[in-house]
Structure formats: C-alpha cells, structure tokens
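Keep in mind the model is a prediction, meaning the values are calculated, not measured. In what follows, chains carry the letters A, B, and so on, assigned in the order in which the sequence lines appear, proteins first and then strands, with residues in each chain numbered from 1.
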Amino acid sequence: MRRTIIAHLDLDEFYVAVERIKDPSLKNKPVVVGGSQTGRGVVSSASYEARKYGIHSAMPMYQAMKLCPHLIRVGGKFREYSKYSSSVFNIVQEYSEFVERTSIDEGYIDLTDSVIKLKRTAIQLAEEIKRRIDKDVGLSVSFGIGSNKMMAKIASKHAKPNGILEILSNKEESFLKPMNVGIIPGVGPKTKERLNNLGITSIGELRGLSEKELTSRFGIHGEGLYKRARGIASSKLNSKRERKSISNERTFNVNIQTPAGLIPTITRISMRICEQMKEKEILARSVSLKLRYENFETITRTKTLSKASRNVGVVKSLVEQMIHYNFIPGRSIRLVGVRVSNFEPENIQTELNFMR
DNA sequence: TCTGGGGTCCTAGGACCC
DNA sequence: TCTGGGGTCCTAGGACCC
C-alpha cells in the first residue's frame, strides 16, 4: 500500500501580507490588522515585527498600542483578503484534485497521487507551489507535510515563516514526544488545563496514560487524545465543504440599555446576511439571535421556520421577537449578533413553487 | 477603556412519532 | 404499585479554530 501524503499550507501573516502588497511602505514595520484602538477593537493579524513586542491576534488594540506606541494599524478589508485567498487556492488546485480549504489562510492538499502523476517528491511539489504563490500572488506561505492532517498541520506550524517541513513516518514519534499537548489540534485552553492538572504537559507524558484512563476522564474525546498522542489521525480531506451558517455580530463601543437601541444594528446586520444568502443562492430555515451582556454572559436563541426564507423583513421580525422575549431590564448589552443556518438551495424552492 | 468576528463540531435534553 | 424504545428534529451552550 502506498504511503498517504498530506500537505498543510498556511499563509504567513496573511492579512498583513495583503496590506503590504497594496502599500509596500508597510514592509519591515510593526503592523497589525484589526479594529480601532479607541473602541473595543482587537488584533486580527500581527506582522512578525509587531509580534516581537508581544503582540498577538485577539489582543485588545489599546493593549497592543501600549506595547508598541509606533504600531501601524490598518482596518480589515476582508472581501479583498478573500480574493487573494481564492487566487492562492486556484494555484493549489492545479497540483491535486483533493484540496480542503479550512479557513481563509489555511488548507490541506492530498499529494498521494500527485507525486506519482507529476513525478516529483512532496517537498519538490511544495517548493513549486510556494514559488508560484510568491510569483503570481505575491504572498509567502509555509508547508507542512506528513502522513495525515494532524502531522501536516503541526509540521507547517514548525516550518513558519516561509518554510517547508516534512515529517517522515519513522520520525513522527520523536518529533511529537517533546511537544506541548496544546499543539494537538482540538486541544484548546480547557483541555490543556485539565491535562496540566493531571501533571501532563508534553505529548510524551500524555502517552503514559492508557486509553481506558483517558476515556474515563475525557469521555469520547479521550479516544481521540490517545490516538493523536501517537500521531494517529484522519487523512481524509473534505474537498466539497459547504457553508453551514452565515453570521454577523457587532460589539458596541458603548453598551446598549434598551431593546430599541438594538434595532438599527440588527436591521443593518439582517440586510447584510440576506444579501450574502442572495449571492450564494440559498435560503435559511433557522434564524438565531446572540446577546452578550455587560458581564460577558452570552445567550443564543434560535427559531426555525417551516419555510426557508431570505427575506429581510422575515429575518428581522424573528430577531426582534427573540429580543423582546429575552431582554432583561436593567442589564445592558455589549454585543448583538444574528446567524442564519439550515440552508436550502434556491432552486429546490422554485421547483416546489412551480409544482404548486 | 479587559476580552472581535467569522466559523465548525459536539453534547444533552425535550418534543414528537411510530 | 413505577419504568418501552428507537429515530428525528429542534434548541442551548460550550470548546475550539483562525
């Protein structure tokens, strides 16, 4: 049986890199993309120069400015970034029919067949894709190559920035052993803390726990932990991922005290969401409201329609209804969000209408 | 001036149906 | 003396990812 070869591609400081194409004077400077420093904005992407000051994504902007007073901040042009991302993945798709785009700046490529068809090693293919992305799009990318998605992803993280790293099957164990458990995809702050409380910080130490012990402590998640600690993970790519939801939310610079104060924002948000559904030619059956109170407590409420819709009036009135039932007098609101899900393609609807 | 915004997946419980 | 049970749909919350 042939060895499966998965590559993980990760664009380097993606948003900042796009901004630098548009404005080369931003090169070699501490730059962040993110929200305003006067409000409640945070950093979305930080250049390597900015990271030297301890700035990282999700950091409040005012804090980033404090760490580096001459930091250059640029607003996020997400539609623009999305176009650059598509250009990158168009190139990638020339090298394999199995490509899974997992986010705007990341994806997996199954190179198992490609190395035979194109008569090149995985590293040679990665080098070539890298050169093409640099030359045709002007972006820097890092590659990780391994026998499954997890190994490829961990490898790309170690290849950053602007590198390629392949983990051969016989090196997996020694590569993983000294790593922090937090590097395992799916192990976030909560799971990491629980493991730390058991005295486990490295993957090598995690391997000391039996599968039985892990499942008794972590339930179904435990089996996955046991396997991933040993480099065992899925190598199946989902090249036809479909969007499951569309959402839009806004954090206010000043908390809102009354339901009426939320209306202009939910109107705007509902309109934007319905526009996006129109572009994608889909209709939604479920509409959700998200409210975050001043103490950060967050609730969500969902209503499902019997007939799918993307009518702004329908979406907005459902959201208003849910606000009406869930607004607690005396508690101010820092965020409001709307989400639609449970999609149906538009053409099914027209067919049904036609048959009626 | 603590804590964005866009997503996915999973769990658990209740309603409902046969 | 009380407890069926499997399947599906819906809702709410939480963990996680970039």
Taking any heavy-atom pair under 4.0 Å as a contact, classify A:G186: base, sugar-phosphate, or nothing.
sugar-phosphate

In this structure, are over 12 heavy atoms from other groups packed under 6.0 Å from A:K192 atom NZ?
no

Using heavy-atom distances to pick each residue's nearest nucleotide on DNA chain B, tell me which of A:E249 and A:N295 is more 5'.
A:N295

Are any of A:S247's side-chain N or O atoms less than 4.0 Å away from OP1 or OP2 of B:dG7?
yes

Verify the contact: side-chain N or O of A:R292 to OP1 or OP2 of B:dT3, cut-off strictly under 4.0 Å; return yes or no.
no

Angle between ring planes, A:Y81 versus A:Y15, binned at 30° and 60°: parallel, tilted or perpendicular?
parallel

Selected nucleotide, minimal atom distance to A:R285 side chain, candidates B:dT11, C:dC10, B:dT3
C:dC10

With sugar-phosphate meaning primed atoms plus P, OP1 and OP2, does A:R194 contact a base, only sugar-phosphate, or nothing at under 4.0 Å between heavy atoms?
nothing

Check every atom of B:dG7, C:dC10, B:dT3 against the side chain of A:R334 and return the nucleotide holding the closest atom.
B:dT3

Taking atom P in both C:dC17 and B:dC2, what distance in whole Å separates the two?
28 Å

Whole-Å distance separating the CG atom of A:N248 from the P atom of B:dG4:
15 Å

Rounded to the nearest Å, what distance is computed from the CZ atom of residue A:F343 to the P atom of nucleotide B:dT8?
8 Å

Using whole Å, report how far CG of A:L291 lies from P of C:dT11.
16 Å

Which hydrophobic side chains are connected to A:F296, either touching it within the sub-4.5 Å cutoff or through other members that do?
none

Strictly below 4.0 Å: does A:K157 bring a side-chain N or O up to OP1 or OP2 of C:dC17?
no

Looking at every strand, decide which applies to A:I246 at a 4.0 Å heavy-atom threshold: base, sugar-phosphate, or nothing.
sugar-phosphate

Does atom CD1 of A:I116 have more than 12 heavy-atom neighbours, drawn from other residues, nucleotides or ligands, at distances under 6.0 Å?
yes

In whole Å, I'd like the distance from the NZ atom of A:K190 to the P atom of C:dC17.
13 Å

In this structure, how many angstroms lie between the C1' atom of B:dA15 and the NZ atom of A:K303, rounded?
14 Å

Go through C:dC10, B:dG6, C:dC16 for me and flag the one nearest to the A:T304 side chain.
C:dC10

Whether A:T102 contacts B:dT8 is assessed here as follows: a side-chain N or O lying under 4.0 Å from the phosphate OP1 or OP2. Is that the case?
no

Is A:T300 close enough to C:dA12 that one of its side-chain N or O atoms is under 4.0 Å from OP1 or OP2 there?
no

Listed nucleotide nearest any side-chain atom of A:L335, set B:dG5, C:dG13, B:dG4:
B:dG5

Give a yes/no on whether any side-chain N or O of A:R301 is located under 4.0 angstrom from OP1 or OP2 of C:dG13.
yes

Integer-rounded Å distance: C:dC17 P and A:K192 NZ
11 Å

Looking at NE2 of A:H8 and CD1 of A:I145, how far apart are the two atoms once the value is rounded to the nearest 0.5 Å?
12.5 Å

Nearest of B:dG7, C:dC16, B:dT3 to any side-chain atom of A:P189?
C:dC16

What is the distance, to the nearest angstrom, from the OH atom on A:Y81 to the P atom on B:dG6?
14 Å

For A:E106, report the nucleic acid contact type (base, sugar-phosphate, nothing); a contact means any heavy atom under 4.0 Å.
sugar-phosphate

Is it true that the NZ or CZ of A:R334 lies under 6.0 Å from the centre of A:F252's six-membered ring and within 45 degrees of the ring axis?
no

At under 4.0 Å between heavy atoms, what does A:V187 touch on the DNA or RNA strands: base, sugar-phosphate, or nothing?
sugar-phosphate

Looking across every strand, which nucleic acid part, if any, lies under 4.0 Å from A:S288 by heavy atom: base, sugar-phosphate, or nothing?
nothing

In this structure, how many angstroms lie between the C1' atom of B:dC9 and the CD atom of A:E100, rounded?
13 Å

Residue-phosphate contact under 4.0 Å: A:R250 side-chain N/O, B:dG5 OP1/OP2
yes

Could you pull out all donor-acceptor pairs under 3.5 Å where a side-chain atom in residues 264-273 of chain A meets a protein atom, sequence neighbours excluded?
from: A:T267; atom 1: OG1; to: A:I263; atom 2: O; distance (Å): 2.8
from: A:T267; atom 1: OG1; to: A:K316; atom 2: NZ; distance (Å): 3.2
from: A:S270; atom 1: OG; to: A:I266; atom 2: O; distance (Å): 2.6

I want to verify a distance call: between B:dC9, C:dG13, B:dC2, whose nearest atom is closest to the A:Y62 side chain?
B:dC2

N or O in side chain of A:T251 less than 4.0 angstrom from B:dT3 OP1/OP2:
no

Candidates B:dG4, C:dC16, C:dT11 - which lies nearest the side chain of A:T302:
C:dT11

Heavy atoms under 4.0 Å, any strand shown: does A:G39 hit a base, just sugar-phosphate, or nothing?
base

Let me check I have this right: for DNA chain C, each base becomes ., (, ), [, ] or |, based on Watson-Crick or G-U pairs with both distances under 3.5 Å. What is the full string?
....||||||||||||||

Might you confirm whether atom NZ of A:K171 has over 12 heavy atoms from other residues, nucleotides or ligands at distances under 6.0 Å?
no

Ignoring backbone atoms, establish whether A:K244 has a side-chain N or O less than 4.0 Å from OP1 or OP2 of B:dG7.
no

Is the backbone N or O of A:K83 less than 3.5 Å from a side-chain atom of A:S87, with the two atoms forming a donor-acceptor pair by type?
yes

For atom CD of A:E297, is the number of surrounding heavy atoms from other residues, nucleotides or ligands below 6.0 Å larger than 12?
yes

Residue closer to the 5' end of DNA chain B, A:P60 versus A:N238 (nearest nucleotide):
A:P60

